[in-house]
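One structure below.
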Amino acid sequence: MLASPLHSWALTPREAIRLQAELASRVAATDRLGTIRTLAGVDVAYGRRGGPAQAVVVVLSFPDLVLLEQVRVTRPATFPYVPGLLSFREAPAVLEAFERLRIRPDLILVDGQGVAHPRRFGIASHLGLWLDLPAIGVAKSRLCGTFAEPGPERGDWTPLRDGEDVIGVVLRSRRNTRPLFISIGHRVSLATAVGVVLASGRGTRLPEPTRMADRLSKQAH
DNA sequence: GCGACAG
DNA sequence: ATCTTGTCGC
């Protein structure tokens, strides 16, 4: 898959924060996607004792969810983990995996936040903008915002708010299980994002694309 | 100053 | 994220 560089990754945390504020204005929060036939899932794991980053991108057919392609990239992370700057640590490896991907997916599900972020530019937005692809943030915990606990049934949800803004949805993807934090990455509406997450799950907490990427990234070669 | 803090 | 055993629940 081809994509043209948006910027350098050789930045200090301070420069990264300023860049996020600029790029956030370019995020599209409405549906700009056609029929979804393929879904990509993205996740990054690390070797024991702070080993190299292992990025995995999988592509599944939709809505049947059959694995069509998978790419795995191992390379050391150069940027530290700083809450709010996750993409500067993980995106370089993920983008390298996308370069090796043959299928250009219709939508990507990312393990992390989209606009449910202090500067509205989490890793799902960063990847979506860089690749110019619709993207959804599927996080297992909250980075920012306030919310009420959603009901116990699959599909129950409550808004994730930051002041007056609704920045995402707290979604019960499985009965009696901790909710997921869904947010817009790029080129999708929040309603569509929630619908896709529920449609790509199979009774597990995580939707199949993200779950599969997570499993593969932690598997030894 | 103190607590919170995606992966 | 990773370090770690058994254990409670569906």
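Letters A, B, ... are given to chains in the order of the sequence lines, protein chains preceding strands, and every chain is numbered from 1.
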I need the [atom1]-[atom2] distance between [X] and [N], as an integer number of Å.
X: A:R178; N: C:dC10; atom1: CZ; atom2: P; value: 16 Å
X: A:Q20; N: B:dA6; atom1: CD; atom2: C1'; value: 12 Å
X: A:F147; N: B:dC5; atom1: CZ; atom2: P; value: 10 Å
X: A:R89; N: C:dT2; atom1: CZ; atom2: P; value: 10 Å
X: A:N176; N: C:dC8; atom1: CG; atom2: P; value: 18 Å
X: A:D162; N: B:dC5; atom1: CG; atom2: C1'; value: 14 Å
X: A:L109; N: B:dA6; atom1: CG; atom2: P; value: 20 Å
X: A:I123; N: C:dA1; atom1: CD1; atom2: P; value: 13 Å

Counting Watson-Crick and G-U wobble pairs whose two distances are both under 3.5 Å, find the runs of 3 or more in a row that involve DNA chain B. none
Between the base of B:dA6 and the ring of A:F181 - centre-to-centre under 5.5 Å, planes within under 30° - is that a stack? no
Using a strict cut-off of less than 4.0 Å between a Lys/Arg side-chain nitrogen and an Asp/Glu carboxylate oxygen, indicate whether [X] and [Y] qualify as a salt bridge.
X: A:E69; Y: A:R102; answer: no
X: A:R32; Y: A:D132; answer: yes
X: A:R211; Y: A:E208; answer: yes
X: A:D111; Y: A:K140; answer: yes

Phosphate oxygens OP1/OP2 of [N]: is one of them under 4.0 Å from a side-chain N or O of [X]?
X: A:K140; N: B:dG7; value: yes
X: A:S141; N: B:dG7; value: yes
X: A:Y46; N: B:dG7; value: no

Nucleotide nearest A:R48 when distance is taken to its side chain, options B:dG7, C:dC3, B:dA4: C:dC3
Given B:dA6, C:dT2, B:dA4, which nucleotide is nearest the side-chain atoms of A:R142? B:dA4
So what does A:L180 hit on the nucleic acid, given a heavy-atom distance under 4.0 Å: a base, only sugar-phosphate, or nothing? nothing
For A:G84, answer base if it contacts any base atom (sugar-phosphate contacts may also be present), sugar-phosphate if it contacts only those atoms, and nothing otherwise; contact means non-hydrogen atoms under 4.0 Å. base
OG1 of A:T210 to CZ of A:R215: how many Å apart, nearest 0.5 Å? 13.0 Å
So how far is it from A:R154 CZ to A:L198 CG, rounded to the nearest 0.5 Å? 5.0 Å
Sorted by position of nearest nucleotide on DNA chain C, 5' first, the leading residue of A:K218 and A:R175 is A:K218
Polar side chain donor-acceptor pair, A:D31 to A:S189, under 3.5 angstrom: yes
